[in-house]
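Shown next, in structure tokens, is the structure this report addresses.
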Amino acid sequence: MRPTAIAFCIVAAFGVLLSAATGGSAERRLGDIKLPPGFRIAPYAEVPNARSMTLGERGTLFVGTQTGEVYAVLPGDTAEGTHRVVTIARNLHSPNGVAFRGSALYVAEIHRILRYDGIESRLSSPPAPAVVNEDFPKDEHHGWKFIRFGPDGMLYIPVGAPCNICERADPRYAAISRMKPDGTGLEVFASGVRNTVGFDWNPGTAELWFTDNGRDMMGDDLPPDELNRAPRKGLHFGFPFIHGKNVSDPEFGARGKPVGFTPPEWELPAHVASLGMRFYSGRMFPPGYRGQVFIAEHGSWNRSKPIGYRVSLVRLEGNRAASYEVFADGWLQGGTAWGRPVDVQEMPDGSLLVSDDKAGMIYRVSYAGKSSALIEPAGGGR
């Protein structure tokens, strides 16, 4: 085993122990989280290194990690409270991405996609996975994946840039690809995407929207993270030449905007590390939240003053982003983060789950105010 692999295993093992130790602490600190009036946040499950989430047909919540495990959270008899967690896979290579289709769980490792058939009937004795496709690059830098099935029945799979800033001849890098559920027909759908770890489709238009993490080492306030819209195949979203709407890269920007360049729908604050995102379509939250975009901001690592560590909201007017605001805040206290949101998942009852890989927790955000109240946008700037 390479020294780097040994070090990763040590860090991963320590992370699991740390998550187990901090789960109770995270529950006690939920009072720090500020939400709009009428909303509440409560524990849902203790899941070490909880990352991407997806729901099974029977209400099982599947959770990926970067430490090698995949977990299943059982529905339980109550909406709130710490639900039972079952480990269904171990020793995988950063199985961050999870998606569900036709009674099967799809899991994305760095270089391949696995499928666990009939998994909800076999949580206590999971089947050996089928290898769907193992032809993805093996680079660990931005190699972890968020995956999801689109309305076209295809599985969408990103491959991040294997660097902070670079250009590669292989078109699979810095792109979102898609393939059939059986692993065939792989094709690039969107290019110039540095590193997306969250996407969803607008339920009204079936168009793909996705977050993208901006490059580092350009200062505290540049470049912006992005919320992008891809209404069709073949668009280019700028990387590594252009960041945001018009920020030229100091190393690659001299070549100008690429053919098919599509600017972001919204420029998010620099370094917030925008990851999981979902369009909200539930009925629990007030009508003013329906059809809007929730984004998990994992938080900055190379900014002089930390930013992010929260859940934000982008409001739409028609099919265009119109404003940005903070929805849930408080995981960052006094410049130190005790939690880091990774993904958001709407539940059948309309509540919203938030995963936190630092605290090893999944939280449930619910609304108990006057559901008929129309919540007006809180504003924000591009």
Determine whether a donor-acceptor pair (N or O, by modelled atom type, separation under 3.5 Å) exists between the side chain of [X] and the backbone of [Y].
X	Y	result
H83	P75	yes
Q292	L316	yes
T211	L275	yes
T78	G76	no
T196	G198	yes
N49	Q66	yes
N195	N213	no
D225	L268	no
Y363	L352	no
D117	A104	no

For [X] and [Y], work out which heavy atoms get closest and say how close.
X	Y	answer
G288	R315	O-NH1, 2.7 Å
D329	V326	CB-CG1, 3.7 Å
L186	S177	CD1-CB, 3.9 Å
P223	A270	O-CB, 3.2 Å
P224	G244	CG-CA, 3.7 Å
P306	G335	CG-O, 3.7 Å

Do the side chains of [X] and [Y] join up, straight or via other hydrophobic residues, at under 4.5 Å, putting them in one cluster?
X	Y	result
F136	F210	no
Y367	L30	yes
I110	V342	no
M154	I176	yes
W144	I113	no

Between [Y] and [X], is there a side-chain heavy-atom distance shorter than 4.5 Å?
X	Y	answer
E226	R194	no
D357	R51	yes
P126	I119	yes
P48	E69	no
S191	L235	no
V354	D356	no
H236	V259	no
V311	V365	no

#### Entry: More than 12 heavy atoms of other groups within 6.0 Å of N91 CG
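Check fails, neighbour count at 12 or below.
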
### Message
More than 12 heavy atoms of other residues, nucleotides or ligands under 6.0 Å from CZ of R84: yes or no?
### Response
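Check fails, neighbour count at 12 or below.
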
Mind checking the [atom1]-[atom2] spacing from [X] to [Y]? Nearest 0.5 Å is all I need.
X	Y	atom1	atom2	answer
E346	S281	CD	OG	4.0 Å
Q345	L61	CD	CG	6.5 Å
W301	H271	CH2	NE2	9.0 Å
L222	S248	CG	OG	11.5 Å
I88	S124	CD1	OG	11.5 Å
H93	L114	NE2	CG	12.5 Å

### Query
Would you call the rings of W331 and W338 parallel, tilted or perpendicular if under 30° counts as parallel and over 60° as perpendicular?
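Plane angle between 30° and 60°, so tilted.
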
### Task
Give me the ring orientation class for F294 and Y289: parallel if the planes are under 30° apart, tilted from 30 to 60°, perpendicular past 60°.
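Answer is parallel, since the angle falls under 30°.
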
### Query
ring pair (Phe, Tyr, Trp, His ring centres under 6.0 Å) with F279: which of F199, W201, W209?
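Going through F199, W201, W209 one by one, the ring pair (Phe, Tyr, Trp, His ring centres under 6.0 Å) with F279 is satisfied by W209 alone.
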
Pair [X], [Y]: side-chain N/O donor-acceptor within cut-off below 3.5 Å:
X	Y	answer
D249	H243	yes
N319	E207	yes
S351	D349	yes
S121	R58	yes

#### Entry: Steps toward side-chain contact (heavy atoms from CB on, under 4.5 Å) verdict (N164, R215)
CA-CA 6 Å; N164 174 37; R215 66 159 290 180; 3.5 Å; yes

#### Entry: Set of side-chain hydrogen bond (donor to acceptor under 3.5 Å, both in side chains) partners for T87, sequence neighbours left out
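Residues passing side-chain hydrogen bond (donor to acceptor under 3.5 Å, both in side chains) with T87: none at all.
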
#### Entry: With T54 via side-chain contact (heavy atoms from CB on, under 4.5 Å) - residues at least two apart
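Scan of T54 (side-chain contact (heavy atoms from CB on, under 4.5 Å), adjacent residues dropped) gives F62, V98, F100, L105.
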
### Query
Between E297 and I307, does a side-chain contact (heavy atoms from CB on, under 4.5 Å) hold up when you go through it step by step?
CA-CA 9 Å; E297 296 182 359; I307 191 174; 5.9 Å; no

### Task
Start with the C-alpha distance between F239 and F252, add both sets of side-chain angles, then the distance that settles ring-ring contact (aromatic ring centres under 6.0 Å, His included), and finish with yes or no.
CA-CA 9 Å; F239 181 86; F252 293 91; 7.8 Å; no

#### Entry: Derivation of the side-chain contact (heavy atoms from CB on, under 4.5 Å) call for M179 and V132
CA-CA 10 Å; M179 68 182 186; V132 179; 3.8 Å; yes

### Query
Charged N to carboxylate O under 4.0 angstrom, D343 versus R278?
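Yes, charged N to carboxylate O under 4.0 Å.
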
### Query
Is the closest basic N to carboxylate O distance between E267 and K245 below 4.0 Å?
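No, no charged N to carboxylate O under 4.0 Å.
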
### Reference residue E187; test side-chain hydrogen bond (donor to acceptor under 3.5 Å, both in side chains); the match among R178, K180, R172
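Looking at R178, K180, R172, the match for E187 under the side-chain hydrogen bond (donor to acceptor under 3.5 Å, both in side chains) is R178.
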
### Message
If you apply the rule side-chain contact (heavy atoms from CB on, under 4.5 Å), what do you find for S103 with E120, and how did you get there?
### Response
CA-CA 7 Å; S103 78; E120 285 187 288; over 6 Å; no

### Query
Should F241 and F261 be marked as a ring-ring contact (aromatic ring centres under 6.0 Å, His included) after you check the CA-CA gap, both sets of side-chain angles, and the distance that decides it?
CA-CA 10 Å; F241 314 105; F261 172 67; 9.8 Å; no

### Message
If you apply the rule side chain to side chain donor-acceptor pair (under 3.5 Å), what do you find for T82 with E46, and how did you get there?
### Response
CA-CA 7 Å; T82 303; E46 293 187 21; 4.8 Å; no

